[in-house]
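What you are looking at is a predicted structure, and each value in this text was computed from that prediction instead of being measured. Note on naming: letters A, B, ... go to the chains in the order of the sequence lines (proteins, then strands), and numbering restarts at 1 for each one.
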There are 2 protein chains.
Amino acid sequence: MARTRKFDENQALDAALRLFWEKGYVATSLQDLEKGTGLNRASIYNAFGNKRSLFKKCLTLYVGRVQAMLEGVIGTATSSREAIKNWLACVIDFQFNQETPSGCLVILSALERHQHDRETREIVTALFRREQEVIQKVLEEGVQRGEFPADFDCVGVAWAITSATSGMVVLSMADLPVSALQEVFRSTMRLLDGK
Amino acid sequence: MARTRKFDENQALDAALRLFWEKGYVATSLQDLEKGTGLNRASIYNAFGNKRSLFKKCLTLYVGRVQAMLEGVIGTATSSREAIKNWLACVIDFQFNQETPSGCLVILSALERHQHDRETREIVTALFRREQEVIQKVLEEGVQRGEFPADFDCVGVAWAITSATSGMVVLSMADLPVSALQEVFRSTMRLLDGK
DNA sequence: TATTTTCTTTACCGTTCGATCAAGAAAAAC
DNA sequence: GTTTTTCTTGATCGAACGGTAAAGAAAATA
């Protein structure tokens with residue numbers, strides 16, 4: 001009864017995500033999006049609405065992936081300590097992975113806050129909260145398992161680790177070498193040793 | 001022999017800095033700059049060159065101030081521990097200070113890296129390096145003073161603290177409450193306790 | 001195969017972008 | 001007070017911006 005869509009919507013979304021990830025919301029023009037997705041301008045509007053809603057779809061997609069990666073890495077570890085170690089290593093790998101852009105769309109969006117509506121900002125806030133919660137939970141499990149002392153500050157350390165992941169991303173975006181991130185990594189891990 | 005400038009160049013630079021600080025380089029238009037500085041467009045070009053060079057002047061001004069604040073806070077402390085404590089507290093205060101925008105122009109510029117030339121990116125990199133150096137130095141003084149054990153990892157902890165300051169700024173931009181930053185603060189301070 | 005419906009293409013909309021230029025205004029030097 | 005020089009103003013530039021409308025192309029139904 002009707003014509004089918006020629007392009008793969010997920011594929012186009014992926015391409016758009018990559019662009020926003022690299023240049024941010026404002027600096028990514030519709031011209032960029034046309035070239036990146038291979039779609040015509042009107043096709044983009046037809047499929048995704050306007051630039052704002054396309055961005056929001058990309059951000060949601062990205063957040064979902066990061067969260068899946070976070071929970072995957074944390075969930076498959078055999079100890080609390082290993083979980084944190086793997087997560088921090090994962091963040092570093094991700095920054096220097098050649099297949100994906102460096103940086104982080106969520107952090108970028110956090111800093112572009114003036115450009116976005118409340119709903120978008122809440123997506124950003126939620127990811128950080130979620131990261132802290134997941135880490136806190138794995139630390140609490142570590143306490144129960146006897147890996148950490150009973151009075152271990154799970155809340156505070158979880159926030160510190162969450163902060164450290166953002167900090168590492170910023171450092172890598174500021175052209176600091178891997179070694180700097182590794183120093184952050186090692187020192188952050190030491191938060192799991194003390195009292 | 002000639003007419004004198006009516007406006008205060010430093011004052012205009014301050015206004016421009018504030019705009020870039022709030023919205024970033026791309027999102028700040030010349031219209032914004034005209035309104036913010038109170039200057040006519042051509043006066044801006046006459047005084048500061050183009051948008052790029054105006055931005056660079058603002059960034060340099062900002063970096064100088066942050067560095068002065070860093071060195072001031074660290075330099076006036078009576079112990080290594082107190083120096084770090086004051087610096088972290090200073091960063092938190094700064095984020096919630098109502099008189100200045102939240103966020104950080106340097107971090108924003110790091111994430112907008114694709115917009116800037118190498119010289120600008122190097123200014124950004126340099127500030128992070130400088131922050132780490134200053135902190136490392138004060139830690140090393142702490143070791144000599146017997147505040148920390150002889151094998152204390154000054155390099156790594158300095159990077160962790162540098163990362164923590166960026167992390168806290170990101171968290172505050174992501175609308176996390178002060179309490180979250182304070183948790184990062186407390187946990188980061190604990191890096192000075194362990195072995 | 002004819003029809004219907006959706007997707008795609010092309011051209012274009014008004015607006016805003018960064019940047020410039022020529023004319024007018026004002027202060028210092030003589 | 002005249003001259004000289006710089007600063008300021010207002011108008012305007014071409015390009016790029018996000019977004020849209022109408023015509024053409026193509027696939028699924030009948």
Length of the line joining A:Leu39:CG and C:dT8:P, which is rounded to integer Å: 7 Å
Whole-Å gap separating C1' (C:dG18) and CZ (B:Phe20): 12 Å
Proximity to the side chain of A:Asn50 - top-ranked nucleotide from D:dT8, D:dG19, C:dC21: D:dG19
Whether A:Phe20 and A:Phe55 hold their rings parallel, tilted or perpendicular, with breakpoints at 30° and 60°: perpendicular
B:Ile44 CD1 - D:dT8 P separation (whole Å): 11 Å
Donor-acceptor pair (no angle test) under 3.5 Å: A:Arg41 side chain, D:dG18 base: yes
B:Leu191 vs B:Asp153 side-chain heavy atoms within contact, under 4.5 Å: no
Distance in angstrom units between A:Asn46 CG and D:dA21 C1', rounded: 13 Å
Length of the CD-C1' vector between B:Glu34 and C:dC17, whole Å: 12 Å
Phosphate OP1/OP2 of D:dC17: any A:Ser29 side-chain N/O under 4.0 Å: yes
Gap between atoms CD and P, on B:Gln31 and D:dA16 respectively (whole Å): 20 Å
Proximal nucleotide (of C:dA19, C:dT9, D:dT9) relative to the B:Tyr45 side chain: C:dA19
A:Leu54 CG - D:dG18 C1' separation (whole Å): 13 Å
Pi-cation contact, B:Tyr25 with B:Lys51 (under 6.0 Å, within 45°): yes
Spatial distance of atom CD1 (B:Ile161) from atom CD1 (B:Ile84) [nearest 0.5 Å]: 4.0 Å
5' priority, DNA chain D, between A:Ala42 and A:Thr28 [closest heavy atom]: A:Thr28
Min side-chain heavy-atom separation B:Leu139-B:Val143 under 4.5 Å: no
Spacing of B:Phe55 atom CZ relative to C:dG18 atom P, expressed in whole Å: 14 Å
Any A:Ser43 side-chain N or O less than 4.0 Å from OP1/OP2 of C:dC7: no
